[in-house]
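Report on the following structure.
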Amino acid sequence: MGVARRWWRRLTSMRTALLLLFLLALAAVPGSFLPQRGLNADQVAAYYKAHPAIAPLLNRLSLFDVFAAPWFAAIYLLLFVSLVGCIVPRTRLHLRALRSRPPKPPRYLTRLTVHAAGTLPGEPADVVAAAATALRRRRFRVDVHVEDGGAALSAEKGYLRETGNLVFHVALIVLLVAIALGGLLGYKGSVLVVEGNGFSNTLIDYDQFSPGRMFSPSKMAPFTVNLRSFAATYLASGEPSTFKAIIDHRPSPTSPYTTSPLTVNAPLTIDGAQVYLIGHGYAPVVTVRGPDGRIAFQGPVPFLPQDTAFTSLGVIKVPDISPGRDGRARQLGFSGFFTPTTGLGPNGFTSVFPAPRNPQLTLLAWVGDLGLDAGTAQSVYTLDPSGMTKLSTFTIRPGQTVVLPHGAGTITFTGLRQWVSFQVTYDPGKYLALIAAVAMVVGLVLSLRIRRRRVWVRGRADGSGGTVVEMGGLARTDADGFEDEFMSLASLVGIKEEV
Amino acid sequence: MIPVNLAMSHLSNTLFFVAVVLYSLATLAFAIDLVAGRVSAEVTPADIAVPAMAGAGRLDADNVVAGEQVARGDDDRRAGIAQRAGMIGIGLTLAGYLAHFGSIASRGLAVHRPPWGNMYEFSSVVAFVCVTGFLLLLVRKRMRWLGVFVLIPVVAYMGIAGEELYVSAGPLVPALQSYWIWIHVAAAIIASGTFLFGAVAATLYLLRERYDRITDRGGRPGGLTAIADRLPTARTLDRTTFGIIAFGFPVWTMAIITGAIWAEHAWGRYWGWDPKETWSFITWVLYAGYLHARTTAGWKGRRAAVLSLVAFSALTVDYYVVNLVVSGLHSYGGLPH
């Protein structure tokens, strides 16, 4: 039992708290320098390619997912326990201090480092009562005592300091709870939508979806969002100036649509979930005809931007072409890039401005088997060339049609649309976290600014109708500047001289 | 889009340069003040009665009496030079401060937005906050000895900003066009400037503490440590450091919280462990550690001061390294990649 108590006392000591704080800070460092899966899974994959030897080892140590790692959790959970174990007894002590009265005046007030004395007219009881009023106006808690030959008072203030300290630490715990709640019960989804299309808040519609552990899909608000249009304006330097999306949305399948704008920094709230505009890009609209001249594919294809001028990479897959009479697959695939304002760079065509001033697609055509029936999932943005043969490379501008060699078909660049990526988040702990954070700041300011002070005043009859007054003070914290404070209190009581 | 006011922009650049020159000259003046003056200008009459330790010139002064030079049999002329150099230093600092303010204000007028939208502007305002802190302590507590030590990093900060981080005046990228820039970025600037000032005070404390340790042993401190006899006591320096950091810490907490609120509006989540967020968190935890250390036995004094400097290094990483080297959602340095 003694061992347990010793370990508990060690865990809840300030020194352990210091050590754990330092460890927490240190543990967060690799999370900022190594790519993290939660932030950018592509960067993690790139890291694997660049450092094939150590990447698996780092992965084992959860260094690509530091903030969800068990050892990171261990540190903040220990801190949590240490914190709770320290706060509970301190709160009890503070409550007791709040209920108790200021300590009685010591016998020799003039022995205190900070003291003053003088003579005032009037009876001791009146003088001390007047002093009590003056100190109470200065927010002291005052007790008046009757003594032999006179009266005395004890005054104390600064209780808010410890209250602030406790509020801060309790709020910190509440914040952690709020973050945990949000993480467990909430969800985050992202989806790419081309102008003219939309999505509904269901699992199947999202490109990426990360739910909390205790989340259930039935809790998802059944709203629908359609992207009517998107416009971006740019400065002459190519830097973005404004982004604005116009969306139609309805909170449930039976409600009417409302039209609203959506911009960066101004999300839309629908039923507790929030819809954000995260990114945008171009989706060239193409029509692809097969060898028989029938339309095999028609529609916009999102291309993903690679630089600030929106040189975008993409892939067009056309699986709806039946095999030839000899049984060979004749599906078409196009991989390449789109440039909204085409210019010539050192490595060929590149975009020099993000707005579509002279758009162009540069494509490599493939024919063969796209591999979509193989059973394994494929990214819509990458082409698997293993079952295909190269046909030709060409550029194509809006309105143009390119005839592919060997009668494989034709492709027409019919128009240009834009796409927007939306992020939908639902975090039920969000408001509690905010309240806790505000409480933390308030508690913090109180705990650092409020000074604890004790002041005593004693009055004794001097035999000729007046009172000999002695006053002493003690600074429990922040002794710096207490003398001036005390002097002003003394003059308030009426004492002009200093002993 | 209102075009950039080029005349204002030129004025801003000129005033920036003028401020740096004035601050540099002030540094020189304060350095002369420090070297020429034999002892610190803050001494209480009671201490004169205390026998001074042989050769060390160390005094136990806790309180501050303005302008009082203790004549310990030394050159009154030297004391006069020091006094004059100090006054010149103050004058130059004030002039530089006005020019600095003018530079920031005219930059804001040139771009029709708060003048802290990229690293160049941010650095300038952080340096401004630091000098403000110095001027406040100069007026309220007559801490003239801080002059040379504060202005050296301020000039360095502004020099780096002017040389390496400069971008011409222009509007903000859309993601930054929000009223939060007044609140979140302003809080971050005030806290950073305060912490910079705090780091100067902590360094001076460590210098003085080292000086005291060497002289206690009876040795003679050499080199940089020798100037510590012109600084106030270690206790004063420790309290000054604490006072500064105790002011900056709640402001930094506010900066993180308002950053989280802004992130929630813009990016859909209030915390995502983006490198900037992570390093702000690390800085916060380390400064929290400093505040705890000051009340923990065995950690008061030197260890706490060192911890505050570690925390300041984290802040420096948060500012320079994260903005320029690591790329995340928060890369608004303004510099072309």
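Lettering follows sequence order; numbering is per chain, from 1. Keep in mind it's a predicted model, so treat the numbers as computed, not measured.
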*Considering all heavy atoms of both residues, which atom of B:Val285 and which atom of A:Ala25 are nearest to each other, and what is their separation?*
CG1-CB, 4.0 Å

*Residue B:Ile261 versus chain A: region with a heavy atom under 4.5 Å*: side chain

*Answer yes or no: are there more than 12 heavy-atom neighbours, outside A:Arg9 itself, under 6.0 Å from its atom CZ?*
no

*Would you mind checking which part of B:Trp273 comes under 4.5 Å of any heavy atom in chain A, side chain (CB onward), backbone (N, CA, C, O), both or neither?*
both

*asked:* With rounding to the nearest 0.5 angstrom, report the OG1 to CZ distance, B:Thr253 to A:Phe168.
replied: 6.5 Å

_At a 4.5 Å cut-off on heavy atoms, which part of A:Gln423 comes close to chain B: side chain, backbone, both, or neither?_
side chain

*Using a 4.5 Å cut-off on heavy atoms from C-beta on, say whether the side chain of B:Leu307 contacts that of A:Leu18.*
yes

*Where do B:Trp271 and A:Phe67 land on the side-chain contact (heavy atoms from CB on, under 4.5 Å) test, with the steps shown first?*
CA-CA 11 Å; B:Trp271 195 265; A:Phe67 304 104; over 6 Å; no

*asked:* Taking side chain as everything from C-beta outward and backbone as N, CA, C, O, which of these in A:Ala433 sits under 4.5 Å from a heavy atom of chain B? Side chain, backbone, both or neither.
replied: side chain

*Does any heavy atom of chain B fall under 4.5 Å from the side chain of A:Val275, the backbone, both, or neither of them?*
neither

*From NE2 (B:His292) to CG (A:Leu19), nearest 0.5 Å*: 13.0 Å

*Give the member of A:Val29, A:Val445, A:Val424, A:Leu277 that has the highest number of heavy-atom pairs under 4.5 Å with chain B.*
A:Val29

_As an exercise, state the distance from CE of A:Met440 to CD1 of B:Ile256, rounded to the nearest 0.5 Å._
8.5 Å

*asked:* Less than 4.5 Å to any heavy atom of chain A: does that hold for the side chain of B:Trp284, its backbone, both, or neither?
replied: side chain

*Do A:Leu24 and B:Phe281 have side chains that get closer than 4.5 Å, going by heavy atoms?*
yes

*Would you mind reporting whether A:Tyr276 and B:Arg269 have side-chain heavy atoms less than 4.5 Å apart?*
no

*Output the residues of residues 172-186 of chain A for which the shortest heavy-atom distance to chain B is under 4.5 Å, in residue-number order; output 'none' if no such residue exists.*
A:Ala178, A:Ile179

*Worked verdict on A:Leu21 versus B:Tyr290 for side-chain contact (heavy atoms from CB on, under 4.5 Å)*: CA-CA 10 Å; A:Leu21 279 175; B:Tyr290 166 76; over 6 Å; no

_Test item: B:Tyr270 and A:Leu434 side chains (from C-beta on) under 4.5 Å apart, heavy atoms_ = no

_In the structure I gave you, are the side-chain heavy atoms of B:Phe247 and A:Leu448 within less than 4.5 Å of one another anywhere?_
no

*About how many Å separate CG of B:Asp274 and OG of A:Ser32, when rounded to the nearest 0.5 Å?*
10.0 Å

_Part of A:Tyr426 lying under 4.5 Å from any heavy atom of chain B_ = neither

*Around A:Gln306, counting heavy atoms of other residues, nucleotides and ligands shown, do more than 12 lie under 6.0 Å from its CD?*
yes

